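Please read the structure below before turning to the comments.
Side chains included, hydrogens not; waters and symmetry mates left out as well; all remaining heavy atoms used. Just so it is clear, the model here is predicted, and its values are computed rather than measured. Residue numbers begin at 1 in each chain, while the letters A, B, ... track the order of the sequences.
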Amino acid sequence: MTTIRLHNTLSRTKEDFVPLDPSNVRMYVCGPTVYDRAHLGNGRPVVVFDVLFRLLRHVYGEGAVTYARNFTDVDDRINETAQKRRAAGAEGSLEDLIHQRTEETIAWYHADMDALGTLRPSFEPRATEYIGGMIAMIQTLIDKGHAYEVAGHVLFKVRSYPAYGRLSGRSVDDMIAGARVEVAPYKDDPMDFVLWKPSDASLPGWESPWGRGRPGWHIECSAMSYELLGASFDIHGGGIDLQFPHHENEIAQSCCALGSGFARVWMHNEMLMVEGRKMSKSLGNFFTVRDLLDQGVPGEVIRYVMLMTHYRSPMDWTAEKARIARGALEDFQSIVADHIGRSVSPDDADPRIIDALADDLNTSLAIHYLYDLAKKRQAETLLASLHLLGFDFSTLQDATWSADDVTLTLSELAAQMTALRETALTTKNFAPVDALKSALIAAGVEVRMSKSGVELVPGPGFDPAKLGGL
RNA sequence: GGCGGGUUGGCGGAGAGGUUACGCAGCGGAUUGCAAAUCCGUGAAGACCGGUUCGAUUCCGGUACCCGCCUCCA
């Protein structure tokens with residue numbers, strides 16, 4: 001069996017991956033807060049961990065991997081949106097408006113992530129459906145002396161967990177010395193973080209032993225991962241920006257409440273950059289996955305660009321990379337065209353590609369082997385390998401030019417041009433051929449002439465409407 | 001201020017202590033009515049300064065610069 005090696009943030013080294021239970025490999029990845037469209041940066045971990053999910057399924061079996069990714073659907077930004085809608089005259093209670101907002105956002109998220117060729121996780125828990133588990137976990141933390149109630153809040157007592165800071169490599173004292181810690185007057189210690197906070201009538205809330213309120217962000221993932229994957233599981237993933245404080249706090253909560261090892265391997269993807277800076281909400285330099293799809297960038301191209309860079313390196317999104325990705329995918333597509341739709345087994349994938357992925361998801365090296373397979377015209381192996389990496393060409397075709405009538409029009413034009421050209425070769429009058437060629441190029445069609453005839457391929461700026469008069 | 005990551009050819013981006021990454025672009029050739037596309041070939045690198053070594057871009061130390069986290073974020 002293939003040995004998978006993964007970089008564990010906890011140890012800061014690559015380790016052989018040994019699942020707790022090979023018949024049920026368990027992975028949890030922090031999902032989105034559903035208050036708006038996912039930006040491109042949100043897409044990176046989804047793609048990265050989708051590759052890992054596919055690899056694990058390949059190695060351990062499709063039914064032997066459980067993947068949970070949450071939706072955070074209780075959040076102040078969601079509340080704000082709902083409140084704004086109500087202020088703008090929207091019908092319904094605040095709870096209804098919040099529910100509408102999160103449902104609509106989840107539907108967007110699914111559509112956008114599906115377009116990137118990512119598989120749906122085994123579980124997609126919503127925080128609001130696990131409030132009971134959160135309350136129980138918070139109560140356990142209070143009972144064990146790791147949390148305290150004050151002024152309607154419940155706070156985690158960071159000093160009660162000596163290992164706090166292990167994941168992120170910080171000491172509590174250093175963090176306090178670094179200032180910028182939120183100082184709320186009711187905290188025993190500046191580092192303590194909130195597990196439960198009170199809600200007034202204008203906010204969603206749930207009854208609890210500490211009054212009507214809502215959970216803090218960190219406790220959500222601890223409660224959901226526990227209920228779905230158990231007190232100990234194999235892999236916990238997310239963006240590197242979540243390493244602290246979110247993941248550190250999850251560890252503190254889960255380990256203190258459950259007395260277990262919690263997640264064994266922690267994996268963090270690096271950030272997605274734009275113009276050399278992190279794409280983030282606060283910098284306002286983001287665009288959404290949907291923006292790109294609407295601009296005609298196929299989801300598979302986005303996926304390919306993401307896989308060009310190793311997940312632990314920062315990745316810059318550029319139009320140039322999208323162009324290269326598209327070119328590569330179109331090359332691969334033309335090579336495997338005759339095999340698309342046939343059943344392919346991941347077992348037929350190039351073993352070098354499996355090994356590359358098994359070596360801490362070296363997708364860049366995997367792509368190197370794709371080129372090698374393409375060069376050698378090993379169509380079946382190439383297709384199986386592409387499947388393993390999550391490319392099935394459905395979105396590439398949908399997003400571009402697969403409409404039958406367009407294909408038909410192009411083949412008619414190609415035949416027409418071939419005829420014109422044959423005539424021209426004897427008459428030596430190439431003007432009619434050149435006129436047609438110019439018109440096709442103007443419509444964004446790539447004209448490929450050879451001895452055998454003319455081939456017309458839609459190019460990057462292809463506009464079917466401009467074929468009308470030809 | 002504390003912590004973490006990075007610096008590879010024109011650009012993107014991997015591996016390996018000694019042997020071609022690869023892709024894009026360039027250059028040369030084949031092909032072509034002209035082009036494009038395609039095919040073949042090809043030059044080019046590892047921030048800086050030390051150390052270890054027979055040998056380092058690859059290991060170790062230092063310097064410089066860049067990025068991230070410490071505040072909602074994937």
- Query: Does A:F262 CZ have over 12 foreign heavy atoms under 6.0 Å away?
  - Reply: yes
- Message: Of the listed nucleotides (B:A25, B:G33, B:A74), which one gets closest to any side-chain atom of A:H39?
- Response: B:A74
- Message: Please pick, from B:C67, B:A37, B:G4, the nucleotide with the shortest atom-to-atom distance to any side-chain atom of A:R448.
- Response: B:A37
- Select base, sugar-phosphate, or nothing to describe what A:K278 touches, counting heavy atoms under 4.0 Å on all strands. base
- Message: Classify A:M273 by what it touches in the nucleic acid, base, sugar-phosphate, or nothing, heavy-atom distance under 4.0 Å.
- Response: sugar-phosphate
- Note on the structure: So the stems of RNA chain B, runs of at least three Watson-Crick or G-U pairs (under 3.5 Å), are B:1-7 with B:64-70, B:10-12 with B:22-24, B:26-30 with B:38-42, B:47-51 with B:59-63
- Under 4.0 Å between any heavy atoms, over every strand shown, what does A:R166 touch: base, sugar-phosphate, or nothing? Just pick one. nothing
- Report which part of the nucleic acid A:L272 touches: base, sugar-phosphate, or nothing (heavy-atom distance under 4.0 Å, all strands). base
- Query: Within the structure shown, what part of the strands sits under 4.0 Å from A:M271 by heavy-atom distance: base, sugar-phosphate, or nothing?
  - Reply: base
- Looking across every strand, which nucleic acid part, if any, lies under 4.0 Å from A:E455 by heavy atom: base, sugar-phosphate, or nothing? nothing
- Task: Could you tell me how the ring of A:W266 sits relative to the ring of A:H247: parallel (under 30°), tilted (30 to 60°) or perpendicular (over 60°)?
- Result: tilted
- Message: What contact category does A:D434 fall into here, base, sugar-phosphate, or nothing, at under 4.0 angstrom with non-hydrogen atoms?
- Response: base
- Query: Which is true for A:G41 with a 4.0 Å heavy-atom rule: it touches a base, it touches only sugar-phosphate, or it touches nothing?
  - Reply: base
- Query: Does A:V447 have any side-chain contact (heavy atoms from CB on, under 4.5 Å) partners at least two apart in sequence or in another chain, and if so, which?
  - Reply: A:M417, A:K437, A:L440, A:I441, A:M449, A:V454, A:L456
- Would you say A:F430 stacks on B:G33, if stacking means ring centres under 5.5 Å apart and planes within less than 30 degrees? yes
- Message: Under 4.0 Å, heavy atoms only, any strand: does A:V433 hit a base, just the sugar-phosphate, or nothing?
- Response: base
- Which part of the nucleic acid, if any, lies within reach of A:R421 when heavy atoms closer than 4.0 Å are counted: base, sugar-phosphate only, or nothing? base
